[in-house]
Amino acid sequence: MVAHLDDAILIVTPENIGFQYRVAGPFLRLPAYALDLLIRLGVVLVALLVVRLAFGAAGLAGLGWGLVAILVFGLSWFYGGVFEAFWNGQTPGKRIVGIRVLTVDGRPINAMQAVLRNLLRAIDCQPGPFYLVGLVSASANARFQRLGDLACGTMVVVEQRRAWFGLVRSRDPAVLKAAEQLPAGVEVSRTLGRTLAAYVQRCETLSPARRQEIAHHLAQPLRARLGVPATIRDDLLLRALYHRAFIAQGQDERALRQGSPFKPAASPPVGVLAGPTGDVA
Amino acid sequence: MQLDHTRIAIRERSLLNLYDMALRVVATHGGALLAAWACGVLPALLLNRWLLGAALEEVVLSDEADATFSYVIGLLYLVIWELPLATAPITLYLGQAMFDQRPRPRVLLGQFLRAVPQLVWYQVLWRPLWFLLPFGFLYPFVARAYLNEVILLERNPLWSRGGKTMTTRARAAGLHAFMWGELFLQWVMVLILGSLLFFSVLGSAYLLRGELLGEWGFDRTLLEILLPVSLWLVIGYFCVVRFLAYLDLRIRREGWELELLVRAEADRLKRHLA
């Protein structure tokens, strides 16, 4: 099995429940960081304006500048930490961009982790303001953790809404007619089922010529196995087989796509299309 | 080769996601990518040193801002011109590494040599001509953003035989058609992030040199070594980004991930039938 390079990581809880997260790397975090920087700058500018107008007029300019200095210090060191502690791992920038800080085992971070990972940003941004330490450390691990994250056992994940398409019911008469021409009792293997499901979900976004080109690869061996007439186009054959297996015969496509284990048939029925491992649905 | 077992997970990604994935690719294939980078970039570095030797001497001797500006602009022109050939080894390596556990240097060299005529024709001879037109400089970066990948990885012929085979030119036109707006925005993003990254790398190198050796000047070493090496390092990284963006474009436009899945399943069925 070839190892995948991916930004998706699987976390298994002590209750043996698996969650898949997509981790956010330095470049995905950059817009959130820029937004937070803008917000901090905005707050400082407003404070400066207030000091100049209100404190200056009252003859308390010195006190005003002192308060601004405290504000700048507080924003620089604790803006991220305080927001992440109270907003469940998010700053305003992170909330807008749709990312969140979690612990490496998928739980919400606590206040200590929130503050510490933000304080350690001072090391991550070295040398100078160039952030090369953070960039290199984030590149070197699969969770894109900078030093602050490594020290606190945290990571930044993308909040995503996964769309579930469900079964695709074709209304195309040509597909329905082609499905009727397929042999009775046809069942598909797990891998073929996944491939057909992916094809049917995706083919509407492709041009007819491209669909035909892709479908041709699989249609050849399918024709040889099923004895399908040549009058049925390659694209139509794949969609008809999907319709026949999952709509007309009610084979569980969702289970196929999730890769659930299946009970192998005692003796393969007529027209079963099994892979080399014989993983018959 | 198992077509649905790629070493980089194939799916649609956002542009920033591609930049992050490129970091992972660089970290995972660091040694091999550095070797591929050196194969392409070292000749370019030496050529630029030779071509800009006189301009560099002028900068060192006169210490004038104009001379420095001319040197930097000259360097940028040369780098833009050399970029497709210099980054070809990285693209070829990544193309192999997508499926093979260990790409073989001899295979990569053979692929590179076969692609040289087209690279020279399109990228060395034709490409500079676009810079003579108003806004023509955008054409290679926007309208033919992935021409290098098409030449190196898809290996279409330069000329059509009997009008039936897809040429590189036709393939590149089809791949980039109706995508110019998006590709222009991507190019703007590359400029912004590339500049940030370049100044980050150069600034870090400058600070480290200053702290370790006590040399803080705007001197010969900075212009002759740190500046071009930083530039080429960032270009090398963006070559990895461009490769991933090319895959992403093929996934979105042509259902490439679907084709890999379908072909892998067809192979399984054929083996089963045999």
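Letters go in sequence order (proteins before strands), and every chain restarts at 1.
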Flag the pair B:Leu18 / A:Phe27 as yes when at least one side-chain heavy-atom distance between them is below 4.5 Å, and no otherwise.
no
Could you check if a side-chain atom of A:Ile214 sits within less than 4.5 angstrom of a side-chain atom of B:Arg263, using non-hydrogen atoms only?
no
Heavy-atom neighbours of B:Trp187 CH2 exceed 12 at 6.0 Å:
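For B:Trp187, atom CH2 is crowded (more than 12 foreign heavy atoms under 6.0 Å).
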Measure distances from [X] to the heavy atoms of chain A and classify the residue's part below 4.5 Å as side chain, backbone, both or neither.
{"X": "B:Thr28", "value": "side chain"}
{"X": "B:Leu197", "value": "side chain"}
{"X": "B:Arg13", "value": "side chain"}
{"X": "B:Glu257", "value": "side chain"}
{"X": "B:Val25", "value": "both"}
{"X": "B:Leu202", "value": "neither"}

In terms of heavy-atom proximity below 4.5 Å to chain B, should [X] be classed as side chain, backbone, both, or neither?
{"X": "A:Ala138", "value": "neither"}
{"X": "A:Leu206", "value": "side chain"}
{"X": "A:Phe144", "value": "side chain"}
{"X": "A:Leu196", "value": "neither"}

Considering non-hydrogen atoms only, spot the tightest contact between [X] and [Y] and give its length.
{"X": "A:Leu28", "Y": "B:Ser14", "value": "CD2-OG, 4.4 Å"}
{"X": "A:Ser139", "Y": "B:Ala27", "value": "O-CB, 3.1 Å"}
{"X": "A:Pro31", "Y": "B:Leu16", "value": "CG-CD1, 3.5 Å"}

A:Arg211, A:Arg202, A:Arg210 screened by salt bridge (charged side-chain N to carboxylate O under 4.0 Å, His left out) with B:Glu259, the one that passes
A:Arg210
Find the distance between [atom1] ([X]) and [atom2] ([Y]) and round it off to the nearest 0.5 Å.
{"X": "B:Lys270", "Y": "A:His217", "atom1": "NZ", "atom2": "NE2", "answer": "8.5 Å"}
{"X": "B:Leu269", "Y": "A:Leu218", "atom1": "CG", "atom2": "CG", "answer": "6.0 Å"}
{"X": "A:Ser207", "Y": "B:Glu254", "atom1": "OG", "atom2": "CD", "answer": "9.0 Å"}
{"X": "B:Leu196", "Y": "A:Leu30", "atom1": "CG", "atom2": "CG", "answer": "7.0 Å"}
{"X": "B:Arg268", "Y": "A:Thr195", "atom1": "CZ", "atom2": "OG1", "answer": "6.0 Å"}
{"X": "A:Leu135", "Y": "B:Tyr237", "atom1": "CG", "atom2": "OH", "answer": "7.5 Å"}

Checking an interface table here. Which of residues 91-101 of chain A come within a heavy-atom distance under 4.5 Å of chain B?
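Listed by number: none.
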If we define contacts as heavy-atom pairs under 4.5 Å, which of A:Val136, A:Leu132, A:Leu238 has the most with chain B?
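Winner by heavy-atom pair count: A:Leu132.
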With a 4.5 Å cut-off on heavy-atom pairs, point out which of A:Glu213, A:Gln126, A:Gln220, A:Arg22 contacts chain B the most.
A:Arg22
Please determine if B:Glu265 and A:Arg194 form a salt bridge, counting it only when a charged side-chain N lies under 4.0 Å from a carboxylate O.
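Not counted as a salt bridge, because no side-chain N and carboxylate O are separated by less than 4.0 Å.
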Salt bridge or not for B:Asp20 and A:Arg29, using N-O below 4.0 Å?
no
Heaviest contributor of heavy-atom pairs below 4.5 Å to chain A, chosen from B:Arg24, B:Met21, B:Arg252, is B:Arg24
Pair count under 4.5 Å, heavy atoms only, with chain A: among B:Leu258, B:Leu208, B:Val26, B:Val201, highest is B:Leu258
Contacts of type ring-ring contact (aromatic ring centres under 6.0 Å, His included), residue A:Phe130, not counting sequence neighbours
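In terms of ring-ring contact (aromatic ring centres under 6.0 Å, His included), with neighbours along the sequence ignored, A:Phe130 is linked to no residue.
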